[in-house]
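So you know, we letter chains A, B, ... as the sequences are listed, proteins then strands, and number each from 1.
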Amino acid sequence: LAKTTQPISMDSYEGQEVNITCSHNNIATNDYITWYQQFPSQGPRFIIQGYKTKVKNEVASLFIPADRKSSTLSLPRVSLSDTAVYYCLVGDMNTGFQKLVFGTGTRLLVSP
Amino acid sequence: EPEVTQTPSHQVTQMGQEVILRCVPISNHLYFYWYRQILGQKVEFLVSFYNNEISEKSEIFDDQFSVERPDGSNFTLKIRSTKLEDSAMYFCASSGEVYNEQFFGPGTRLTVL
């Protein structure tokens with residue numbers, strides 16, 4: 001499993017766009033990039049997944065450069081309820097179901 | 001929207017006692033998992049389960065742990081003789097065909113005294 005590195009914490013204000021970057025220099029050809037969100041005392045929740053270029057859903061966007069050695073989760077116009085820990089995970093989706101390996105994640109604090 | 005449910009939400013037990021944590025995965029999912037998170041630490045994988053058998057387990061998942069799918073809906077984690085260090089939040093998860101999209105339950109907070 002490719003190792004990921006992301007900032008320990010980030011601060012933002014309501015209404016701002018937040019970009020969290022994750023480094024995964026050893027990403028393999030078959031690896032996908034997945035982001036999860038965890039609120040205090042809750043289980044992680046899948047946000048978005050991508051392989052290359054840009055992916056967008058109703059919650060976030062995921063930007064992946066051509067070399068795929070990093071990825072950026074973009075949260076548009078954050079609110080207080082976006083305060084959570086965000087995890088970047090890299091793994092091979094083609095080998096079937098597999099465990100998720102969580103790092104320490106990025107703790108995002110959104111203030112009024 | 002379908003969701004994973006877990007019971008109880010909080011379990012307090014004495015060291016050495018057996019506990020069973022229960023989960024009801026999403027009904028059409030076939031892959032099931034248990035994770036745990038000690039307070040302030042990372043979410044750690046314990047075990048994955050498919051087709052009525054363990055697919056993978058971590059070093060944490062020693063002989064004191066077992067999993068079972070006793071019927072078509074429940075998925076349980078049993079700890080035979082709890083230790084103080086088993087105190088943690090235990091999350092059940094399930095997934096369908098999109099393997100990396102695992103749906104987590106709300107967790108059971110286990111406190112071992």
Side-chain angles (χ1 to χ4, degrees), chain A residues 1-9 22 24 27-28 30-52 55 57-60 62 64 68 71 73 84-107, chain B residues 1-6 9-10 21 23-26 29-51 53-61 67 88-111:
Chain A
L1 293 170
K3 180 176 162 54
T4 60
T5 304
Q6 51 184 125
I8 294 173
S9 64
C22 177
H24 27 79
I27 190 168
N30 291 334
D31 284 344
Y32 281 71
I33 300 150
T34 311
W35 285 80
Y36 277 77
Q37 172 192 56
Q38 186 181 26
F39 298 115
S41 298
Q42 293 188 29
R45 184 175 76 108
F46 173 92
I47 302 176
I48 197 166
Q49 180 174 265
Y51 183 79
K52 61 180 179 181
V55 181
N57 62 23
E58 64 277 3
V59 175
L62 179 59
I64 306 168
R68 304 199 329 121
S71 58
L73 175 73
V85 180
Y86 292 82
Y87 300 97
C88 165
L89 294 86
V90 172
D92 185 350
M93 212 175 74
N94 293 327
T95 58
F97 67 96
Q98 59 176 271
K99 62 188 178 190
L100 297 177
V101 179
F102 290 86
T104 51
T106 297
R107 189 172 298 274
Chain B
E1 184 179 328
E3 58 182 18
V4 176
T5 59
Q6 291 185 243
S9 56
H10 191 186
L21 310 183
C23 168
V24 179
I26 292 173
H29 283 180
L30 298 175
Y31 309 101
F32 314 115
Y33 315 83
W34 283 99
Y35 293 82
R36 80 171 187 191
Q37 187 173 31
I38 295 171
L39 187 63
Q41 298 188 23
K42 299 179 194 179
V43 176
E44 301 174 289
F45 168 79
L46 292 178
V47 66
S48 57
F49 191 86
Y50 170 72
N51 200 24
E53 59 183 26
I54 290 174
S55 304
E56 185 177 359
K57 57 184 181 180
S58 71
E59 291 179 355
I60 303 168
F61 195 90
V67 289
M89 195 77 156
Y90 287 80
F91 296 108
C92 171
S94 69
S95 65
E97 292 182 359
V98 181
Y99 307 121
N100 286 2
E101 184 175 357
Q102 294 182 14
F103 292 79
F104 283 75
T108 293
R109 180 170 298 284
L110 177 65
T111 302

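A pairwise comparison of heavy atoms in B:R109 and A:S41 identifies NH2-OG, 3.8 Å as the closest pair.
To the nearest 0.5 Å, the span separating OH on A:Y87 from NZ on B:K42 amounts to 10.0 Å. Considering CZ of A:R45 and CD of B:Q102, their distance stands at 15.5 Å, rounded to 0.5 Å.
Annotation: maximal heavy-atom pairing with chain A below 4.5 Å, among B:F104, B:F45, B:F91, B:F103, occurs at B:F104.
There is no contact between B:Q41 and chain A, counting heavy-atom distances below 4.5 Å.
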Can you list the steps and then say if B:Y35 with A:L100 is a side chain to side chain contact (heavy atoms under 4.5 Å, CB included)?
CA-CA 9 Å; B:Y35 293 82; A:L100 297 177; 3.4 Å; yes
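Residues passing the side-chain hydrogen bond (donor to acceptor under 3.5 Å, both in side chains) test with B:E44, sequence neighbours excluded: B:R36.
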